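What you see is a predicted model, and the numbers here were worked out from it, not measured in a lab. Just so it is clear, the values below take in all heavy atoms, side chains as well, and ignore hydrogens, waters and symmetry mates. In this chain, residues are counted from 1 in sequence order.
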Amino acid sequence: LLTGVPLAMLLFQFVGAAALNRAHRRKGVFIACLLVCRLLYLGVAFLPFLLRERAPAAVLPMVILLLAVSAATHNFAIPFWFSWMADLIPRRVLNRVWGWRQRAMHLTWTVANLLVTWLLYRTAWPVTTVFPLLTALAVAAGVSDTLLFLGVIEPPNLTRAATRPWHDLAAPLRHPDFGRFVLFSCCWSFATMFAAAFMQFYVLKVLRVPMWQTAL
């Protein structure tokens, strides 16, 4: 449930795309959803400390609920952000900008994971200390990142109130070239995400790999 429920919330991208066609503004929705998404992780990190004495049986259901709502708000906001950025980025540099973004994202992920690995290797702190600390730092970075968009201009959104969501959803599948890409992408994602639910549990509990090596 901890790994699967947030992934199931990917369906909210379709809900967000349908809502986008009827929204006149995107900036406020995106910022509000991202702030909620990231701030809810503080509950994931600290709520177990508040409930473990009073209601220990409620800890895991509450964590799963918070993760689900966080993932749902994040995925709902994604179509709003992509639509907004598509109106701002000139078409002549579109590929260059998205390529730069991919490099920046992967570099950030790599550095962050190496720092987490270093912290787990250098300290003997229990997970009940490390996880809240890292979560608080990550939430602070995530909220700061989101607030940077307050200064970004937003062109009016072109709405299409007469759209049919199911028709729009099936349109890429009917395209002879793009349909094959969607099929490949779905099969690849299914295989990797299905395995991901078992991977960390297997590495930690069966192979008994130390936490810092698992992070690396």
Inset, instruction - Step through it carefully: locate the ring centre of Tyr202, locate the ring centre of Phe198, and say whether they are under 6.0 Å apart. - result: no

Legend entry - Close side-chain approach of Met211 to Val130, heavy-atom, < 4.5 Å: no

Inset, instruction - Following the transitive rule for hydrophobic clusters with a side-chain heavy-atom cut-off under 4.5 Å over Ile, Leu, Val, Met, Phe, Trp and Tyr, establish whether Leu34 and Val139 coincide in one cluster. - result: yes

Inset, instruction - Using a cut-off of 6.0 Å, state whether more than 12 heavy atoms not belonging to Gln102 lie near its atom CD. - result: yes

Inset, instruction - Evaluate whether atom CZ of Phe201 has more than 12 neighbouring non-hydrogen atoms of other residues, nucleotides or ligands under 6.0 angstrom away. - result: no

Inset, instruction - Give a yes or no answer on whether the side chain of Lys27 reaches the backbone of Val152 with a donor-acceptor pair at less than 3.5 Å. - result: yes

Legend entry - Hydrophobic cluster identity match, Leu20 and Phe14, side-chain contacts under 4.5 Å: no

Inset, instruction - Taking the side chain as every heavy atom from C-beta outward, state whether Ile153 and Leu88 have any pair of such atoms under 4.5 Å apart. - result: yes

Inset, instruction - Look at the rings of Phe82 and Trp98 and say which category their plane angle falls in: under 30° parallel, 30 to 60° tilted, over 60° perpendicular. - result: tilted

Inset, instruction - Starting at CH2 of Trp118, measure out to CG of Leu120 and round the result to the nearest 0.5 Å. - result: 11.0 Å

Legend entry - Side-chain heavy-atom pair Leu147, Leu35 within 4.5 angstrom cut-off: yes

Inset, instruction - For the residue pair His106 and Trp109, categorise the inter-ring angle as parallel (less than 30°), tilted (30 to 60°) or perpendicular (more than 60°). - result: perpendicular

Inset, instruction - May I ask you to decide if Ala104's main-chain N or O and Thr108's side chain share a donor-acceptor pair within less than 3.5 Å? - result: yes

Inset, instruction - State yes or no: do Ile78 and Val143 share one hydrophobic cluster built from I, L, V, M, F, W and Y residues joined by side-chain heavy-atom distances below 4.5 Å, directly or via other members? - result: yes

Inset, instruction - Give the intermediate values and the outcome of side-chain contact (heavy atoms from CB on, under 4.5 Å) for residues Trp125 and Leu133. - result: CA-CA 11 Å; Trp125 297 343; Leu133 172 64; 3.7 Å; yes

Legend entry - Donor-acceptor contact below 3.5 Å, side chain Thr192 vs main chain Trp188: yes

Legend entry - Crowding at CG, Leu1 (>12 non-hydrogen neighbours, <6.0 Å): no

Legend entry - Minimum side-chain heavy-atom gap Thr123-Thr129 below 4.5 Å: no

Legend entry - Side-chain heavy atoms of Phe80 within contact of Cys33, under 4.5 Å: no

Inset, instruction - Answer whether the closest heavy-atom distance between the side chains of Arg26 and Met85 falls below 4.5 Å. - result: no

Inset, instruction - Flag yes if more than 12 heavy atoms outside Arg174 fall under 6.0 Å of its CZ atom; otherwise flag no. - result: yes

Inset, instruction - To the nearest 0.5 angstrom, please state how far the CD1 atom of Ile31 sits from the CG atom of Leu148. - result: 9.5 Å

Inset, instruction - Give a yes or no on whether Val116 and Val127 share a hydrophobic cluster (residues Ile, Leu, Val, Met, Phe, Trp, Tyr; joining criterion: side-chain heavy atoms under 4.5 Å apart). - result: no

Legend entry - Sub-4.5 Å side-chain heavy-atom contact between Cys187 and Leu183: yes

Inset, instruction - Determine whether Val59 and Leu47 make a side-chain contact, defined as any pair of heavy atoms from C-beta on separated by less than 4.5 Å. - result: no

Inset, instruction - Over all heavy atoms of both residues, which pair between Pro79 and Gly16 is shortest? Give the atoms and the distance, please. - result: CG-C, 3.9 Å

Inset, instruction - Kindly give the heavy-atom pair with the smallest separation between Pro172 and Phe178, and that separation in Å. - result: CB-CD2, 3.4 Å

Inset, instruction - Quick one: pull up CG in Leu67 and CG in Leu40 and give me the separation to the nearest 0.5 Å. - result: 9.0 Å

Legend entry - Phe30 CZ to Phe149 CZ distance, which is reported to the nearest 0.5 Å: 4.5 Å

Legend entry - Inter-residue atom distance Leu10.CG - Asn75.CG, 0.5 Å rounding: 4.5 Å

Inset, instruction - Please round to the nearest 0.5 Å and tell me the distance separating atom CD of Glu154 and atom NE2 of His24. - result: 12.0 Å

Inset, instruction - Would you confirm whether Thr135, through its side chain, and Phe131, through its main-chain N or O, come within 3.5 Å as a donor-acceptor pair? - result: yes

Legend entry - Cluster link Leu119 to Leu204, ILVMFWY, side chain under 4.5 Å: yes

